[in-house]
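We use all heavy atoms of the structure for the numbers below, so side chains are in, but hydrogens, waters and symmetry mates are not.
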Amino acid sequence: MGDKFQLIHDVSPGTTGWTVKVVVAEKFSPRVAQRSPTKYQNLTLMDSEGSTVQTTLYGQNITAFQDELLLGKTYLISNALVKETNAEYKAKSGEIQWTISGRTRIRRVEENNSNLLISTYSFTDFEDLPKYMDSNVDISVVGMIIDIKPRRIIQTRFGKECQVQDLVLVNKRFDTVLLTMWETFVDNECKYICQNLRKKLILIGKHLKVTSFNGLSISTKADSSFFIDGEFELVEEFKSWGHTNSEIIDNMISEKHYLTSTPSKLSSKLSVPTAEKDFTEIKNIQGLKTAKQFFWIKGKTSVKVLNQTYWYMSCNNCNKISSENYGDIYPCVFCKCTDAKAIPRAKVYMKLTDPTGYINATAIGNPAEYFLQSNAEILMNQTLIPTAASMRLSMDEDEIFYVKAITQELSTDCKFEILFIVNPSQIAGDKNTGKAPVEHIGEPIKFLEPTTKRSLFHSDTDDAQSSKKKCDKSTIEITKKNQ
């Protein structure tokens, strides 16, 4: 990037006559301040030595400079307002912050500094994602976008409606993972992806988190940022790999097995505790008041109440309850999907016990099917009160449970949901790490025939119609941010 200009660390409050050559490393969506109605947008600028500075635009300057500061492009910048960062934000934003206004001079430089930019990324391999599940640790990933699910609306525990949309990413080992995009990423990145899905775009994402939602998935955070088909050697190599393996990838897209559950290859990498001290004793979470906590518990479980409904009719897009008949296509009132399909989903109310006590917990979807040794369609057709002959009603041996604490309405105590069930006999321990990979998490019940399984998750709509329905009908043209 040259060395005749100042570097970021050369510029401090009071410095005059400076010009710094920078590349736009990150460009975040505009947001509204928490303590005022002011709208602001943050950028991260990087110099030739890899030093960065957080830069902010406010109000009308966001619109004025939206075509001036493009992600991944290089600029000469001078006369920005330079000030010390407020003490409460220094740990995250650094000591110094720039503010760009109408007085700031910005000039585009035709240089390709993509190699410098990509050198600052530390990518997490898909098979290593389970290490960071529910930890809120920042990760970066790269993958090919092979599918996008319909946009849906969800309601947070605070009553706020949010829009989300899931992408399916594949890596060079043909592992897949869901990436859930929230709010402004749906309006911007997802709309562009919908319009260009057939191009098999390469996505580079930064500041993401791994969650246990839907088995195992990645999710955006407020400060996430993306390059889509950016001008990087890494992207060109991925494109070449995709071209070489186009037949395999097209077959994956056609069969869509990745929509049924967490991919087994990734699930099998989940690290499960093997040492007794690493499990949570149930007595320590009885009467828990703080939700959104996760625990590994070793114990036994049984059906809490025999005469209960072991399934519910749900929307195939958001899993919310539906009053429609099996297979009906309908507009879902929860996620606003106009062509949702009613499908059965397994659910069981259980009693989870260890030597210190017990809690009541719910298992939904795959964990419920694994415990009951049945599947949602069979459960739906079950007309008699279940018996041990028709499904499993208790576990006599210890198993391992991954449990989430959830806020409960009309009570200060949390309720619990079982997300994973692991059979210890199927774990091959690693003496060096004290951890063990899960063998069967997320896999469908073996006796469920592929045609039946597929019928639960797929409509008969052909690929072209399905792709069209996934995207909003809006005709707004989206300008590719990283051109």
Side-chain angles (χ1 to χ4, degrees), residues 28-32 34 39 145 147-169 177-195 197 203 205 208-209 211-224 226 256 258-262 291-292 312-325 327-345 347 362 364-365 404 406-409 417 419 456-459 461 465-476 478:
F28 307 108
S29 298
R31 305 179 68 188
V32 177
Q34 292 182 347
K39 195 173 185 179
I145 305 169
D147 206 350
I148 184 167
K149 298 179 72 175
R151 183 180 69 97
R152 66 185 189 276
I153 304 297
I154 66 170
Q155 191 173 76
T156 69
R157 60 193 178 99
F158 302 109
K160 179 185 176 182
E161 285 194 344
C162 299
Q163 59 176 349
V164 298
Q165 196 160 12
D166 295 320
L167 310 178
V168 180
L169 304 181
V177 68
L178 285 182
L179 167 58
T180 301
M181 309 283 272
W182 287 72
E183 292 290 78
T184 56
F185 298 111
V186 176
D187 290 329
N188 299 317
E189 281 81 358
C190 285
K191 281 187 176 179
Y192 177 80
I193 291 166
C194 273
Q195 295 170 354
L197 185 60
L203 177 143
L208 304 171
K209 64 179 180 179
T211 77
S212 54
F213 175 75
N214 202 34
L216 178 75
S217 63
I218 309 171
S219 180
T220 57
K221 303 170 72 172
D223 60 347
S224 297
F226 297 96
K256 299 185 185 295
Y258 46 75
L259 295 182
T260 62
S261 64
T262 300
K292 298 195 74 174
Y312 69 97
M313 196 64 72
S314 68
C315 167
N316 69 327
N317 188 46
C318 68
N319 296 328
K320 295 291 187 181
I321 193 169
S322 170
S323 61
E324 303 297 321
N325 294 321
D328 285 353
I329 305 299
Y330 70 102
C332 178
V333 297
F334 294 103
C335 66
K336 312 305 179 187
C337 179
T338 58
D339 60 345
K341 185 176 182 179
I343 63 170
R345 198 158 189 250
K347 180 178 181 179
T362 303
I364 304 173
K404 178 181 180 180
I406 304 171
T407 302
Q408 185 172 202
E409 293 182 7
E417 181 180 347
L419 302 180
L456 300 183
F457 293 89
H458 296 270
S459 68
T461 311
Q465 289 176 324
S466 178
S467 177
K468 183 178 180 181
K469 287 180 180 178
K470 286 173 184 173
C471 304
D472 273 348
K473 295 180 180 179
S474 170
T475 56
I476 298 174
I478 305 299

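- Panel note: side chain Thr220, backbone Trp182; a donor-acceptor pair is recorded below 3.5 Å.
- Across Ile145 and Leu197, no two heavy atoms sit closer than the pair CG2-CD1, 4.1 Å.
- Between the CZ atom in Phe334 and the CG atom in Asn317 there is a gap of 13.0 Å [rounded to 0.5 Å].
- Taking both residues in full, the closest heavy atoms of Ser212 and Leu419 are given as OG-CD1, 3.1 Å, listed atom of the first, atom of the second, then distance.
- Shortest non-hydrogen contact noted between Ser224 and Phe185 is O-CZ, 3.4 Å.
- For the atom pair Cys315 SG and Ile343 CD1, the distance stands at 8.0 Å (nearest 0.5 Å).
- Of the inter-residue distances, the one linking Ser219 atom OG with Leu179 atom CG reads 7.5 Å to the nearest 0.5 angstrom.
- Screening Lys320, Lys347, Arg345 against Tyr312 for a side-chain hydrogen bond (donor to acceptor under 3.5 Å, both in side chains) leaves a single residue, Arg345.
- Here the closest heavy-atom approach between residue Met181 and residue Val186 is recorded as O-CG2, 3.4 Å.
- Judged purely by atom type and a 3.5 angstrom limit, Asp328 has no side-chain atom pairing as donor or acceptor with the backbone of Ala342.
- Shown are Arg151, Lys149, Glu183, Arg152; of these, the side chain to side chain contact (heavy atoms under 4.5 Å, CB included) with Val164 is made only by Arg152.
- For the side chain to side chain contact (heavy atoms under 4.5 Å, CB included) with Leu167, the lone residue among Ile218, Leu203, Thr180 that qualifies is Leu203.
- How far CD1 of Ile148 is from CD of Gln195: 10.5 Å, rounded to the nearest 0.5 Å.
- We find the CD-SG distance between Gln163 and Cys335 to be 12.5 Å, quoted to the nearest 0.5 Å.
- Residues passing the side-chain hydrogen bond (donor to acceptor under 3.5 Å, both in side chains) test with Thr184 are Ser29, sequence neighbours excluded.
- Atom-to-atom distance recorded for Leu169:CG and Asp166:CG is 10.5 Å, nearest 0.5 angstrom.
- The side-chain hydrogen bond (donor to acceptor under 3.5 Å, both in side chains) check on Lys39 picks up nothing, with sequence neighbours excluded.
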Inset, instruction - For side chain to side chain contact (heavy atoms under 4.5 Å, CB included), just list the numbers for Tyr330 and Cys332, CA-CA rounded to whole Å, side-chain angles, deciding distance to a tenth of an Å, and then say yes or no. - result: CA-CA 6 Å; Tyr330 70 102; Cys332 178; 4.1 Å; yes
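- Of all the heavy atoms in Ala222 and Arg31, the pair that sits closest is CB-NH1, 3.5 Å.
- Considering all non-hydrogen atoms of both residues, Cys194 and Gln165 come closest at SG-NE2, 4.0 Å.
- When atom types are taken as modelled, the side chain of Thr338 and the backbone of Pro331 share no donor-acceptor pair closer than 3.5 angstrom.
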